[in-house]
Amino acid sequence: MRRPVIVGNWKMNTTLREATTLAAAVRRDLERVDDVEVGICPPFVYLLDVADQVRDTNIRLGAQDCHWEPKGAFTGEVSPAMLKDVGCEYVILGHSERRHLLGEKDDQINKKLRGALAVGLTPILCIGELLEERERGATDAVVRGQLEGSLAGFGADALERMILAYEPVWAIGTGKTATPGQAQEVHAGLRAWLRKRFGAVADGLRIQYGGSVKPDNAADLMRLPDVDGALVGGASLDAKAFAGIVRFKDQSA
Ligand code: PGA
């Protein structure tokens with residue numbers, strides 16, 4: 001069985017005070033949840049303060065990006081080892097905002113995955129198509145291309161230590177969610193492709209859905225056979241909404 005994993009991506013939001021207040025509220029609501037794996041990914045500069053808030057709870061800490069090198073002359077960058085050092089377990093890599101707003105490419109994401117795995121972080125590898133790509137029927141080709149590129153040279157042992165997030169770019173921050181049918185179709189296709197390429201390990205891989213996940217649509221998405229959690233942006237900035245998503249089972253009951 002794949003335990004669902006629901007992670008909040010705070011993106012470039014919150015002040016220090018807002019970050020610690022939000023983390024404390026998430027802790028109050030979710031510190032003992034264990035049917036779902038829960039994580040939060042604040043901005044780099046608040047990681048230590050948020051780590052203090054969620055220490056000794058079931059809530060895991062993650063970062064939103066990292067460089068691939070362990071250290072050195074890379075002004076402005078943060079290494080995987082630094083993230084590990086301040087208590088991170090996850091790192092989000094290849095988010096569409098980095099791909100499309102900052103020009104990040106699959107070969108860079110490939111190196112970042114390698115760097116993150118080398119220090120024992122769990123990468124959350126994001127892939128997803130643009131609206132224009134979906135409309136011309138290119139969704140499968142785009143997401144498989146992203147997988148091919150970012151996973152180049154990796155074996156089953158690496159895939160086993162990752163989480164995948166399918167995030168249709170047209171659904172991120174837009175209030176438009178993929179229908180359950182659309183999400184399941186892509187997730188099942190990804191798993192089938194990964195099974196062919198990496199073998200049975202694909203059956204244990206958790207594939208999150210991301211894109212305008214809210215408390216009122218979470219249950220319908222999470223009950224899909226190949227959807228194993230969510231990467232949540234906007235709604236993760238509201239502790240009640242985030243808790244509502246994590247407790248999706250209560251909603252469907
Ligand atoms: P959203 O963002 O939930 O605000 O659509 C999702 C994401 O970018 O991970």
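Numbering of ligands and ligand atoms starts at 1, following listing order. Heavy atoms only: backbone and side chains are in, while hydrogens, waters and symmetry mates are out.
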Show me which atoms of ligand 1 lie under 4.0 Å from any heavy atom of [X].
X: G173; result: 1 (P), 4 (O), 5 (O)
X: G211; result: 5 (O)
X: S212; result: 1 (P), 3 (O), 5 (O)
X: G234; result: 1 (P), 3 (O), 4 (O)
X: A171; result: 5 (O)

**Asked** If you measure from each heavy atom of K214 to ligand 1, is any distance below 4.0 Å?
**Response** no
**Message:** Counting non-hydrogen protein atoms only, what is the nearest one to atom 3 (O) of ligand 1? Give residue, atom name and distance.
**Reply:** G233 N, 2.8 Å
**Asked** What is the nearest protein non-hydrogen atom to atom 7 (C) of ligand 1, stated with its residue, atom name and distance?
**Response** E167 OE2, 3.1 Å
**Request:** Output yes when D65 and K112 qualify as a salt bridge under the 4.0 Å nitrogen-oxygen rule, no when they do not.
**Result:** yes
**Item:** Steps toward side chain to side chain donor-acceptor pair (under 3.5 Å) verdict (E129, Y166)
**Value:** CA-CA 9 Å; E129 83 286 2; Y166 167 60; 2.8 Å; yes
**Fill in**
To the nearest 0.5 Å, atom CG of D49 lies from atom CZ of R17 at 12.0 Å
**Worked verdict on K84 versus E89 for salt bridge (Lys or Arg N to Asp or Glu O under 4.0 Å)** = CA-CA 7 Å; K84 193 77 185 162; E89 295 184 53; over 6 Å; no
**Message:** A cation-pi test, strictly: NZ or CZ of R114 under 6.0 Å from the centre of the six-membered ring of F154 and no more than 45 degrees from its axis. Yes or no?
**Reply:** yes
**Item:** Aromatic plane relationship, H187 with Y209 - under 30° parallel, 30 to 60° tilted, over 60° perpendicular
**Value:** tilted
